[in-house]
Colleague: 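This structure is in structure tokens; I'll ask about it shortly.
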Amino acid sequence: MTTPQLKIHDTLSREKRDFVPEDPANVRMYVCGPTVYDLAHIGNARPIVVFDVLARLLRHIYGADHVTYARNITDIDDKINARAFERGISIRELTDDTIEVFHADMAALNALPPDVEPRATDTIDEMIEMIQVLIDKGHAYAAEGHVLFNVPSMDDYGRLSRRNMDELIAGARVEVAPYKKDPRDFVLWKPSDPDKGEPGWPSPWSNGRPGWHIECSAMSKSILGETFDIHGGGLDLIFPHHENEIAQSRCAHDTNVMANYWMHNGYLMAEGEKMSKSLGNFYTVNELLDEFPGEAIRLLLLKTHYRQPLDFTKDGLAEAKRELDGFYQALRSAGELTRAVGAPEAIIDALADDLNTPKSVSLMHELLSDANRGNADALNGLVAGASILGLLQQDPEDWFKWQPKSAEGGLSDDEIDAKIAARTEARANKDFATSDAIRDELQAAGIILEDGAGGTTWRRG
């Protein structure tokens with residue numbers, strides 16, 4: 001099998017480029033992770049799933065020991081401060097609880113943990129050090145306990161977002177303040193108000209806390225170095241967050257780049273409109289997992305190319321679950337797989353073409369058709385290829401025994417097995433009235449029976 005040439009659409013150059021790592025023995029990727037003040041919604045989950053697939057693909061191409069995937073936790077932020085103050089708890093207590101749920105939710109989507117997951121609050125010293133370097137080099141200045149990045153000091157600021165001056169000023173998430181030298185200048189450090197419950201750390205400028213952008217610059221540098229291969233995140237992060245990361249990192253380290261490739265996933269809509277609690281289409285992953293298996297959520301996210309907008313609907317989720325039912329039914333019918341067949345080149349080639357997951361899923365369906373016609377290699381190839389997508393790794397019996405939270409309290413697995421055994425005995429005794437009555441009872445409870453040469457299997461519908 002030949003090694004595919006990975007191609008990535010680079011946001012900075014606006015073109016699809018061959019991926020050439022700085023060091024093939026040490027491929028490095030950084031992705032902006034969650035701000036942990038509340039439960040992750042489905043829009044937060046999209047980049048987690050997208051870059052999980054990319055990390056799997058990089059490990060497939062370069063080897064698991066030669067890839068470092070870092071994804072941060074933002075656990076210091078004004079929203080976190082406000083939520084903790086409102087609840088009367090420390091930010092650590094709030095963020096620890098939120099992180100625990102986040103990890104469980106993402107695991108349910110089959111997202112592997114990143115190799116490194118730094119927390120902003122554990123990297124404060126590195127942030128202060130980087131801010132001081134920027135001041136020393138004339139790229140930042142202190143004013144009234146704040147430190148601001150001096151945007152005019154960087155000749156090519158704005159290359160990532162390609163915004164003009166007016167757009168940069170209008171779109172910047174910066175406080176209007178008299179001590180700012182330029183309207184575009186953004187905060188690297190700001191003083192904390194203990195009366196508002198704002199946490200603070202000692203620094204040369206004030207007892208305060210970092211700005212949002214400096215956090216990722218410091219965390220990525222501490223783990224991956226001054227430059228690295230891939231930086232990823234959602235489209236909404238291009239400006240100001242990633243633009244400002246580039247400015248901070250390049251000016252602090254005197255480099256031409258921060259990351260060699262910038263990747264951004266597209267926006268997510270819900271039920272045809274922008275996701276909003278007032279519209280009733282605001283879905284947290286935690287809530288969706290009460291109604292649908294996590295793998296169905298993952299499949300739905302992967303059926304649209306990562307750079308395209310995605311309309312996330314519950315009807316789409318139901319369809320994704322039915323598709324997975326078909327895949328798992330083939331696995332159940334086949335019994336034990338040899339798993340000796342590697343991932344099909346066609347699936348790897350599709351993923352190597354800027355993560356073309358829709359084509360990969362289509363190829364999975366073609367393999368399923370071949371498998372259902374008795375091609376054992378196709379089934380093994382299907383499972384191997386699906387593993388790069390993070391799909392079809394469950395035991396089929398576990399898949400079919402999943403039930404939504406609303407159905408909990410119904411028949412247990414043992415009760416279902418007992419009724420099937422009673423039905424089998426009734427059929428053996430030619431008591432078809434009892435046999436049919438048991439089938440009807442199970443069907444009414446949402447249990448679908450499938451009789452085959454090896455006996456009767458069941459699944460929850």
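As a basis for the values below, the full set of heavy atoms in this structure was taken, side chains included, without hydrogen atoms, waters or symmetry mates. Quantities reported herein were computed from a predicted structural model and do not represent experimental measurements.
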Colleague: Run the salt bridge (Lys or Arg N to Asp or Glu O under 4.0 Å) test against Glu323 and tell me which residues pass, sequence neighbours left out.
Modeller: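 Salt bridge (Lys or Arg N to Asp or Glu O under 4.0 Å) list for Glu323, sorted by chain: Lys303.
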Colleague: Tell me which pairs pass ring-ring contact (aromatic ring centres under 6.0 Å, His included) where either residue lies in residues 79-111, with sequence neighbours left out.
Modeller: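 Every pair satisfying ring-ring contact (aromatic ring centres under 6.0 Å, His included) with a residue in residues 79-111: there are none.
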Colleague: With ring-ring contact (aromatic ring centres under 6.0 Å, His included) as the rule and sequence neighbours excluded, what pairs involving residues 371-399 come up?
Modeller: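 ring-ring contact (aromatic ring centres under 6.0 Å, His included) check on residues 371-399 returns Tyr328-Trp399.
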Colleague: Quick one: list whatever passes salt bridge (Lys or Arg N to Asp or Glu O under 4.0 Å) with Lys401, sequence neighbours left out.
Modeller: none
Colleague: Can you name the residues that form a side-chain contact (heavy atoms from CB on, under 4.5 Å) with Glu93, not counting sequence neighbours?
Modeller: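 Here the qualifying residues are Ile89, Ser90, Asp97.
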Colleague: Name all residues meeting the side-chain contact (heavy atoms from CB on, under 4.5 Å) criterion together with Ala111; count only those two or more places apart in sequence or in a different chain, and write none if there are none.
Modeller: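 With neighbours one apart ignored, the set is Ile48, Asp52, Met106, Arg298.
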Colleague: Using only atom types and a distance under 3.5 Å, with no angle test, would you say the side chain of Asn356 pairs donor to acceptor with the backbone of Ala352?
Modeller: no
Colleague: Val116: which residues meet the side-chain contact (heavy atoms from CB on, under 4.5 Å) condition with it, sequence neighbours left out?
Modeller: Thr68, Ala70, Pro118, Ile223
Colleague: Tell me, please, which residues at least two apart from Thr304 pass side-chain hydrogen bond (donor to acceptor under 3.5 Å, both in side chains).
Modeller: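 Counting only residues at least two positions away or on another chain, Thr304 forms no side-chain hydrogen bond (donor to acceptor under 3.5 Å, both in side chains).
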Colleague: Assess whether a salt bridge exists between Arg159 and Asp156, defined as any Lys/Arg side-chain N lying under 4.0 Å from an Asp/Glu carboxylate O.
Modeller: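 So Arg159 pairs with Asp156 through a salt bridge.
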Colleague: Less than 6.0 angstrom from the centroid, inside 45 degrees of the normal: does Arg17 satisfy that with respect to the ring of Tyr261?
Modeller: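 Yes - Arg17 lies over the ring of Tyr261, closer than 6.0 Å to its centre and within 45° of its axis.
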Colleague: Could you check whether any side-chain N or O of Arg56 sits under 3.5 Å from a backbone N or O of Ser387, counting only pairs where one atom can act as donor and the other as acceptor?
Modeller: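 Yes, the answer is positive, given that a donor and an acceptor are paired below the 3.5 Å cut-off.
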Colleague: Just wondering, are more than 12 heavy atoms of other shown residues or ligands nearer than 6.0 Å to CD in Glu397?
Modeller: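 Counting neighbours around CD of Glu397, more than 12 heavy atoms of other residues, nucleotides or ligands fall under 6.0 Å, so yes.
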Colleague: If only side-chain N and O atoms count, and only distance matters, is there a donor-acceptor pair under 3.5 Å linking Asp77 with Thr74?
Modeller: no
Colleague: Do any N or O atoms from the side chain of Arg423 and from the backbone of Ile438 form a donor-acceptor pair under 3.5 angstrom?
Modeller: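 No.
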Colleague: Is there a salt bridge (Lys or Arg N to Asp or Glu O under 4.0 Å) between Arg14 and Asp10 once you walk through the steps?
Modeller: CA-CA 6 Å; Arg14 302 295 197 274; Asp10 173 35; over 6 Å; no
Colleague: Would you say the side-chain atoms of Thr424 pair up with the backbone N or O of Ile420, donor to acceptor, closer than 3.5 Å?
Modeller: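 Flag set: sc Thr424 to bb Ile420 pair under 3.5 Å.
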Colleague: Passes salt bridge (Lys or Arg N to Asp or Glu O under 4.0 Å), Arg83 versus Asp78? Steps please.
Modeller: CA-CA 9 Å; Arg83 182 65 56 86; Asp78 287 346; over 6 Å; no
Colleague: Measure from the side-chain N and O atoms of Asn110 to the backbone N and O of Glu295, and report whether any donor-acceptor pair falls under 3.5 Å.
Modeller: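 Looks like no, no N/O pair under 3.5 Å.
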Colleague: Who are the salt bridge (Lys or Arg N to Asp or Glu O under 4.0 Å) partners of Glu366, not counting sequence neighbours?
Modeller: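 Applying salt bridge (Lys or Arg N to Asp or Glu O under 4.0 Å) to Glu366 gives none.
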Colleague: Does the distance from a Lys or Arg side-chain N to an Asp or Glu carboxylate O, for Arg307 and Asp354, drop under 4.0 Å?
Modeller: yes
Colleague: Kindly determine whether Leu224 and Asp229 satisfy side chain to side chain contact (heavy atoms under 4.5 Å, CB included), including the steps that lead there.
Modeller: CA-CA 9 Å; Leu224 304 179; Asp229 295 304; over 6 Å; no
Colleague: Would you please test Phe51 and Met29 for side chain to side chain contact (heavy atoms under 4.5 Å, CB included) and show each step?
Modeller: CA-CA 9 Å; Phe51 291 104; Met29 176 170 71; 4.2 Å; yes
Colleague: Take atom CD in Glu22; do more than 12 heavy atoms of anything else shown fall under 6.0 Å from it?
Modeller: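 Atom CD in Glu22 is packed in, count exceeds 12.
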Colleague: If you draw a 6.0 Å radius around CG in Asn256, do more than 12 non-hydrogen atoms from other residues or ligands fall strictly inside?
Modeller: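 No - once you tally the heavy atoms of other residues, nucleotides and ligands closer than 6.0 Å, there are 12 at most.
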Colleague: Can you pull out every ring-ring contact (aromatic ring centres under 6.0 Å, His included) where at least one residue sits in residues 269-312? Sequence neighbours excluded, please.
Modeller: His41-Phe282
Colleague: Is a side-chain donor-acceptor pair under 3.5 Å present for Thr255 with Thr227?
Modeller: no
Colleague: Is it true that Lys221 and Glu226 have a side-chain N and a carboxylate O under 4.0 angstrom from each other?
Modeller: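 Glu226 and Lys221: not salt-bridged.
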Colleague: Which heavy atom of His66 sits nearest a heavy atom of Ala25, and at what distance?
Modeller: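 So the minimum-distance heavy-atom pair works out to ND1-O, 3.1 Å.
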Colleague: Would you check if the distance from the ring center of His264 to the ring center of His242 is below 6.0 Å?
Modeller: yes
Colleague: Lys16: what forms a salt bridge (Lys or Arg N to Asp or Glu O under 4.0 Å) with it, not counting sequence neighbours?
Modeller: Asp353
Colleague: Could you tell me whether a side-chain N or O of Gln393 sits under 3.5 Å from a main-chain N or O of Leu391, the two making a donor and an acceptor?
Modeller: yes
Colleague: Of all heavy-atom pairs between Gly266 and Arg46, which one has the smallest distance, and what is that distance?
Modeller: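 Reported closest heavy-atom pair: O-NH1, 3.0 Å.
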Colleague: List the residues meeting side-chain contact (heavy atoms from CB on, under 4.5 Å) with Ala120, not counting sequence neighbours, and say none if there are none.
Modeller: Asp75, Ile76, Met127, Glu215, Met219
Colleague: Give me the atom names and distance for the closest heavy-atom approach of Leu94 to Thr98.
Modeller: O-OG1, 2.8 Å
Colleague: For Phe327 and His365, I'd like to know if the aromatic rings sit close, meaning centre-to-centre distance below 6.0 Å.
Modeller: yes
Colleague: Can you name the nearest heavy-atom pair linking Pro396 to Leu331, along with the distance?
Modeller: CG-CB, 3.7 Å
Colleague: Provide the closest heavy-atom pair for Leu379 versus Ala334 in the form atom of the first, atom of the second, distance.
Modeller: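 Answer, listing the atom of Leu379 first, then Ala334: CD2-CB, 3.1 Å.
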Colleague: Using atom types as modelled and distance alone, determine if a side-chain donor or acceptor of Glu243 lies under 3.5 Å from a backbone N or O of Ser161.
Modeller: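 Yes.
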Colleague: Please check if the side chain of Asp311 supplies one atom and the backbone of Gly272 the other of a donor-acceptor pair under 3.5 Å.
Modeller: yes
Colleague: Applying the ring pair (Phe, Tyr, Trp, His ring centres under 6.0 Å) test to His213, which of Phe239, Phe149, Phe186 qualifies?
Modeller: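 It is Phe186; the other options fail the test.
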Colleague: Quick check against the 3.5 Å criterion: does Asp105 have a side-chain atom that pairs as donor or acceptor with the backbone of Val285?
Modeller: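 Judged by distance alone, no pair lies under 3.5 Å.
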Colleague: Does Met130 offer a backbone N or O that forms a donor-acceptor pair with the side chain of Gln248 under 3.5 Å?
Modeller: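 Side chain of Gln248 to backbone of Met130: no pair is present.
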Colleague: For Arg119 and Asp96, run salt bridge (Lys or Arg N to Asp or Glu O under 4.0 Å): C-alpha distance rounded to whole Å, both residues' side-chain angles, the deciding distance at 0.1 Å, then the answer.
Modeller: CA-CA 11 Å; Arg119 292 176 65 143; Asp96 280 352; 2.9 Å; yes
Colleague: Should the pair His231 and Trp262 be assigned to parallel (<30°), tilted (30 to 60°) or perpendicular (>60°) ring geometry?
Modeller: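 Judged by the thresholds at 30° and 60°, the geometry between His231 and Trp262 is parallel.
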Colleague: Might you point out which heavy atoms bring Leu363 and Ala350 nearest each other, and give the distance in Å?
Modeller: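 Heavy-atom minimum between the residues: CD1-CB, 4.3 Å.
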